[in-house]
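Inspection log for the structure reproduced underneath, given as structure tokens.
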Number of protein chains: 4
Amino acid sequence: MLRIAYLGPEGTFTEAALLQMVTAGLIPGIPDGEAEFTPVLTDTTPGALAAVRNGAADYACVPIENSIEGSVLQTMDSLAAGSPLQIYAEFTLDVAFTIVTRPGHSGPIRTVAAFPVALAQVRRWLAANLPDADVVPTTSNAAAAHDVAEGRVDAGVSTRLAAQRCGLDVLADRVVDEANARTRFVLAGQPGPPPPATGADRTSVVLRLDNVPGALVAAMTELSIRDIDLTRIESRPTRTELGTYMFFLDCVGHIDDDSVAEALKALFRRCADVRYLGSWPTGSAAGALPPQLDEASQWLTRLRGGTA
Amino acid sequence: MLRIAYLGPEGTFTEAALLQMVTAGLIPGIPDGEAEFTPVLTDTTPGALAAVRNGAADYACVPIENSIEGSVLQTMDSLAAGSPLQIYAEFTLDVAFTIVTRPGHSGPIRTVAAFPVALAQVRRWLAANLPDADVVPTTSNAAAAHDVAEGRVDAGVSTRLAAQRCGLDVLADRVVDEANARTRFVLAGQPGPPPPATGADRTSVVLRLDNVPGALVAAMTELSIRDIDLTRIESRPTRTELGTYMFFLDCVGHIDDDSVAEALKALFRRCADVRYLGSWPTGSAAGALPPQLDEASQWLTRLRGGTA
Amino acid sequence: MLRIAYLGPEGTFTEAALLQMVTAGLIPGIPDGEAEFTPVLTDTTPGALAAVRNGAADYACVPIENSIEGSVLQTMDSLAAGSPLQIYAEFTLDVAFTIVTRPGHSGPIRTVAAFPVALAQVRRWLAANLPDADVVPTTSNAAAAHDVAEGRVDAGVSTRLAAQRCGLDVLADRVVDEANARTRFVLAGQPGPPPPATGADRTSVVLRLDNVPGALVAAMTELSIRDIDLTRIESRPTRTELGTYMFFLDCVGHIDDDSVAEALKALFRRCADVRYLGSWPTGSAAGALPPQLDEASQWLTRLRGGTA
Amino acid sequence: MLRIAYLGPEGTFTEAALLQMVTAGLIPGIPDGEAEFTPVLTDTTPGALAAVRNGAADYACVPIENSIEGSVLQTMDSLAAGSPLQIYAEFTLDVAFTIVTRPGHSGPIRTVAAFPVALAQVRRWLAANLPDADVVPTTSNAAAAHDVAEGRVDAGVSTRLAAQRCGLDVLADRVVDEANARTRFVLAGQPGPPPPATGADRTSVVLRLDNVPGALVAAMTELSIRDIDLTRIESRPTRTELGTYMFFLDCVGHIDDDSVAEALKALFRRCADVRYLGSWPTGSAAGALPPQLDEASQWLTRLRGGTA
């Protein structure tokens with residue numbers, strides 16, 4: 001059975017996203033209609049990717065981007081360094097918290113467990129609803145549920161999945177101060193043939209550029225001149241010297257699209273290094289599709305054959 | 001006396017950087033040769049910027065970029081939102097830690113206080129030198145020294161400045177696992193006339209772009225076509241929807257350089273919004289200077305006068 | 001009185017265009033409402049420009065572009081080489097021919113004088129109307145009228161102006177095989193202050209580029225990035241070696257438009273040589289006006305003053 | 001036997017260039033070592049191209065560019081309009097004239113026949129050597145020799161080949177006022193498979209662009225971004241309205257070079273119309289070779305197969 005690594009304990013948002021990917025049939029190697037896999041729980045997100053690298057897992061499910069916090073730097077840095085990994089699927093989860101208590105708890109709520117990142121997103125709700133409770137920091141959203149289940153705190157800011165797993169009561173659901181909070185998760189594995197193009201795909205690369213003026217503009221122009229829609233650009237320091245960066249670029253399209261293939265070749269030629277992170281389905285269209293070159297290719301074939 | 005806000009408690013790296021700025025005469029309003037200012041200590045880095053915004057301080061000194069961790073997101077997001085602030089000076093500090101103990105402490109070191117970020121950078125040193133000590137997390141590097149001084153722990157991973165302020169012994173100095181760790185700090189205040197151009201200056205802006213393909217390439221081309229050296233580009237989510245970003249751009253040069261001024265005007269015209277973060281001296285040259293347009297301007301003047 | 005050189009003899013299309021410029025008040029130095037100047041007739045178009053260069057005339061009126069034949073190469077080459085000249089005005093003339101005969105001529109038309117260039121444009125008319133006449137070549141359109149007046153031929157393909165000057169009868173007017181034939185004429189003089197911007201102006205330059213790949217694209221990008229509308233580009237060999245060219249560029253706008261001024265300075269900086277041919281009114285709008293930078297300039301001024 | 005059309009009469013520079021092509025084995029369909037073909041003499045250069053179009057000839061040899069005069073507009077316009085033709089070979093001829101007389105002519109030289117274009121290039125020589133001779137215009141350089149042979153003039157400005165053909169004496173050889181005068185000739189036929197790539201090839205297209213700002217820059221960027229060396233750009237009016245142009249572009253490389261093929265497809269996609277004029281050997285390297293994409297293509301193949 002496929003082994004899939006992800007941040008534990010049971011009930012994390014990551015696990016919730018992974019289950020959605022499984023249900024949607026997005027995971028290569030899990031037949032449609034089946035949903036069985038062997039979970040490999042890790043302490044950290046980079047740990048899940050490491051499990052794939054060292055052979056302890058076939059895939060890792062990891063968060064890569066959050067609409068409020070931005071990129072998940074640990075994930076990006078881990079994908080950019082070490083042995084190559086490749087992304088095969090993604091799922092974007094609406095982030096909203098579930099406030100949990102032990103079944104039958106009826107007294108006042110004096111303590112609330114919360115992961116600090118979550119805390120920042122439910123502060124207004126807590127001020128309005130549990131103004132007198134002391135906040136007890138935890139190491140993850142799921143851990144807050146476990147803390148409640150084990151009686152260390154009266155309530156917890158956690159996930160719906162964790163509430164179910166731990167058999168807790170739901171005091172409030174879909175709690176979040178700022179609307180539109182969403183996290184995108186990806187499924188990474190060893191490099192392999194990308195999943196077939198679906199017409200709604202994303203391709204992602206990490207570029208290292210020679211330190212010459214205009215190098216980044218030139219690389220980006222390789223996409224823009226081909227009308228390839230650049231949907232994301234993130235810079236990250238190379239960790240060697242201040243002022244040197246690598247660049248994460250996402251675009252609409254699949255490596256099997258002629259124009260995307262051309263652009264990848266151009267980047268390969270132009271950049272000090274290109275790390276291909278994969279082409280995979282996004283489920284829904286976002287951005288302009290890459291132009292199809294079929295007609296141009298046919299014209300070229302006719303020219304070469306002298307039959308234009 | 002000028003009031004300058006920064007992350008406390010006494011002895012933080014931020015304070016060390018600020019003192020260097022003062023000594024170097026980089027702070028507008030503090031006369032050369034003097035070094036007096038009123039410190040306004042804050043709990044957080046955004047809090048220091050807030051102190052400027054609400055009038056509690058004249059300037060804030062804040063970290064903006066680290067060679068290992070990348071941009072300090074809190075600082076960037078705080079500069080990009082809210083009422084405008086402007087940067088007037090910068091200083092880059094080599095980051096290395098000082099391991100401190102109480103004076104006269106002679107017994108075994110069983111506990112070491114460390115800020116988690118620092119811990120990640122001295123792990124190898126601790127494993128080699130204090131393998132048996134338990135690590136006690138603190139809320140800042142400076143706080144680790146205070147914890148030592150107050151007897152809560154045997155040793156602390158802290159700063160040289162904090163060691164001095166707390167009167168502690170230095171067990172080891174310049175401790176850091178990874179060489180070249182450096183943090184850049186900036187001095188931000190209310191908008192005002194930029195400090196005069198020195199020939200080694202940095203100009204910084206935050207761009208919000210219309211969501212059209214090629215908008216970022218077009219904006220960056222406004223710099224590259226003018227041979228202005230783009231030394232840094234960082235994307236940050238706009239916090240409204242996944243996939244929308246604002247961009248922090250740093251370039252070599254000063255708003256009083258003709259070519260930089262031209263580029264700023266072009267960005268103003270092209271972008272949905274441009275927030276000018278300032279032009280200030282960097283102390284040393286880094287990157288290619290913007291081209292001087294004096295000769296071209298004189299030629300233009302002659303053409304207009306009919307005397308070319 | 002102003003001396004203006006142009007291709008003779010009396011009655012050329014060039015003279016007709018010049019008279020239109022005079023009537024329209026387009027000639028600097030001729031007061032509105034007056035129409036007096038001293039004609040300086042020359043044998044050739046370059047000869048008219050030479051008359052300005054050697055002081056024999058104040059201005060020269062010369063054809064520069066024809067909708068059928070393209071650029072008038074002699075004019076372009078003459079403007080590009082030798083001492084600088086500057087263009088102050090233009091007028092576009094519909095080209096149509098007048099078939100002339102001597103007053104009272106009633107017999108058959110056995111011979112028709114025609115300038116070879118004109119012949120190519122009235123061939124169908126002649127085939128339909130004078131199929132049996134022999135064509136006698138002349139050295140200009142106006143000369144055909146003079147040949148008729150002096151009895152050397154029965155009819156001539158000439159201009160309406162020449163018919164008037166020579167007192168000839170008009171057999172047919174507005175004769176031309178291909179519709180839309182138009183010629184643009186310009187008025188060139190010694191370099192001087194350009195006429196004031198009118199809002200419908202043209203600016204023209206000749207570029208010599210270093211022979212490096214991308215030099216021309218880079219130069220043109222200096223216009224396109226500034227949204228300056230390039231209305232014409234012509235390459236001409238440098239006459240030194242096959243494969244080296246100079247480029248004539250026309251754009252919409254005036255040297256007093258900020259964005260045009262910026263672009264000129266950028267070309268000056270980028271190109272091996274820029275020869276400014278002038279900024280002058282076109283009478284009617286053609287192409288997109290250059291963007292106004294007033295708002296951007298005011299923003300820049302506020303930034304520099306610290307009052308943005 | 002192959003029928004090849006060219007400007008007559010016998011002895012033109014065009015014929016000389018054609019013979020060089022034959023000798024060099026550049027003409028598809030003429031086996032190496034053989035030199036036989038059926039000449040099809042025409043009155044004009046466009047007439048030679050028309051002979052190919054109407055089936056009267058298999059190829060036409062025509063001048064396309066002169067280092068002094070620039071492009072041969074008739075050739076370019078004829079290639080750009082009408083049914084498509086394709087170029088298969090080129091040869092560049094040093095242009096220098098041969099002054100011929102009848103064998104045995106010993107009296108004074110009172111008349112010299114000269115084609116007007118040639119006259120412009122030997123004026124200084126005539127002034128120095130035959131100051132008293134009257135110039136009699138002819139319709140081609142070769143015709144000047146025929147005029148001499150037939151006794152209509154004493155001498156002629158002609159070609160060495162015409163001198164041989166007409167059996168004339170050579171009064172002076174290699175006569176030309178301006179050094180470096182060279183004319184490039186091309187061999188055009190019906191569209192067919194281009195000759196194989198040699199490593200020193202030229203590819204040529206005619207572009208018609210939509211009338212939008214930046215269209216030409218965008219088209220040229222398709223070449224420059226791919227590091228394809230644009231060796232020639234010529235604009236020609238479309239002959240419909242002043243200010244609308246088509247563009248002739250020559251680049252280094254062959255349609256079988258991956259990067260040239262990519263650029264052609266991009267132009268096809270971007271331009272209102274692309275007319276391919278062919279890819280053919282130039283004999284010697286001129287300009288930078290197009291980049292080879294083999295390594296990039298192999299990398300792409302590995303990515304697609306999951307074996308990178």
Side-chain angles (χ1 to χ4, degrees), chain B residues 28 84 86 88 189-197 203 205 217-227 254-271 273-279 290-308, chain C residues 28 84 86 88 189-197 203 205 217-227 254-271 273-279 290-308:
Chain B
Q86 191 171 320
Y88 291 89
Q190 297 286 350
T203 290
V205 291
V217 174
M220 291 169 62
T221 301
E222 296 285 6
L223 299 178
S224 65
I225 192 81
R226 291 176 176 89
D227 289 339
H254 191 281
I255 193 174
D256 286 342
D257 290 321
D258 283 349
S259 46
V260 173
E262 265 194 19
L264 287 172
K265 289 195 289 180
L267 292 174
F268 176 85
R269 189 169 74 80
R270 180 178 292 285
C271 300
D273 186 65
V274 182
R275 175 174 284 216
Y276 174 69
L277 293 184
S279 299
Q292 296 305 307
L293 302 184
D294 295 354
E295 203 183 341
S297 297
Q298 291 159 11
W299 176 74
L300 190 81
T301 300
R302 291 196 302 273
L303 291 183
R304 284 175 166 167
T307 61
Chain C
Q86 191 171 319
Y88 291 89
Q190 296 286 351
T203 291
V205 291
V217 174
M220 291 168 62
T221 300
E222 296 285 7
L223 299 177
S224 65
I225 192 81
R226 291 177 175 89
D227 288 340
H254 192 282
I255 193 173
D256 287 342
D257 290 321
D258 284 347
S259 45
V260 174
E262 264 194 21
L264 286 172
K265 288 196 290 180
L267 293 174
F268 176 85
R269 189 169 72 81
R270 179 179 293 284
C271 299
D273 186 65
V274 182
R275 175 175 283 215
Y276 174 70
L277 292 184
S279 299
Q292 295 306 307
L293 302 184
D294 296 353
E295 204 184 338
S297 296
Q298 291 158 11
W299 175 74
L300 190 81
T301 301
R302 291 196 303 273
L303 290 183
R304 284 175 166 168
T307 61

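Computation of the quantities below employed the complete heavy-atom set of this structure, encompassing side-chain atoms and omitting hydrogens, waters and symmetry-equivalent molecules. Fair warning: this is a prediction, and the values are worked out from it, not measured in the lab.
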*Do Leu293(B) and Phe268(C) come close enough that some side-chain heavy atom pair is under 4.5 Å?*
no
*Could you pull out the closest heavy-atom pair between Gly305(B) and Pro193(C), with the gap in Å?*
O-CG, 3.5 Å
*Would you mind listing every salt bridge (Lys or Arg N to Asp or Glu O under 4.0 Å) that reaches into residues 290-308 of chain C, with sequence neighbours excluded?*
Asp256(B)-Arg304(C)
*Select, from Gly192(C), Ala266(C), Pro191(C), the one with the greatest count of heavy-atom pairs under 4.5 Å involving chain B.*
Gly192(C)
*Is the side chain of Arg269(B) donor-acceptor paired with the backbone N or O of Gln292(C) at a distance under 3.5 Å, no angle test?*
no
_Toward chain B, the part of Thr307(C) with a non-hydrogen atom under 4.5 Å_ = neither
*If you tally heavy-atom pairs under 4.5 Å against chain C, which of Pro291(B), Ala308(B), Ser279(B) wins?*
Pro291(B)
*Leu300(B) versus Lys265(C), closest heavy-atom pair with distance*: CB-CG, 4.2 Å
*Any idea which of Thr221(C), Leu303(C), Leu264(C) has the most non-hydrogen atom pairs under 4.5 angstrom with chain B?*
Leu303(C)
*Report the residues that fulfil salt bridge (charged side-chain N to carboxylate O under 4.0 Å, His left out) with Asp258(C), sequence neighbours left out, ordered by chain and then residue number.*
none
*Which bit of Ala261(B) comes within less than 4.5 Å of chain C, counting heavy atoms only: side chain, backbone, both or neither?*
both
*Can Arg226(B) and Glu262(C) be counted as an ion pair, charged N to O under 4.0 angstrom?*
yes
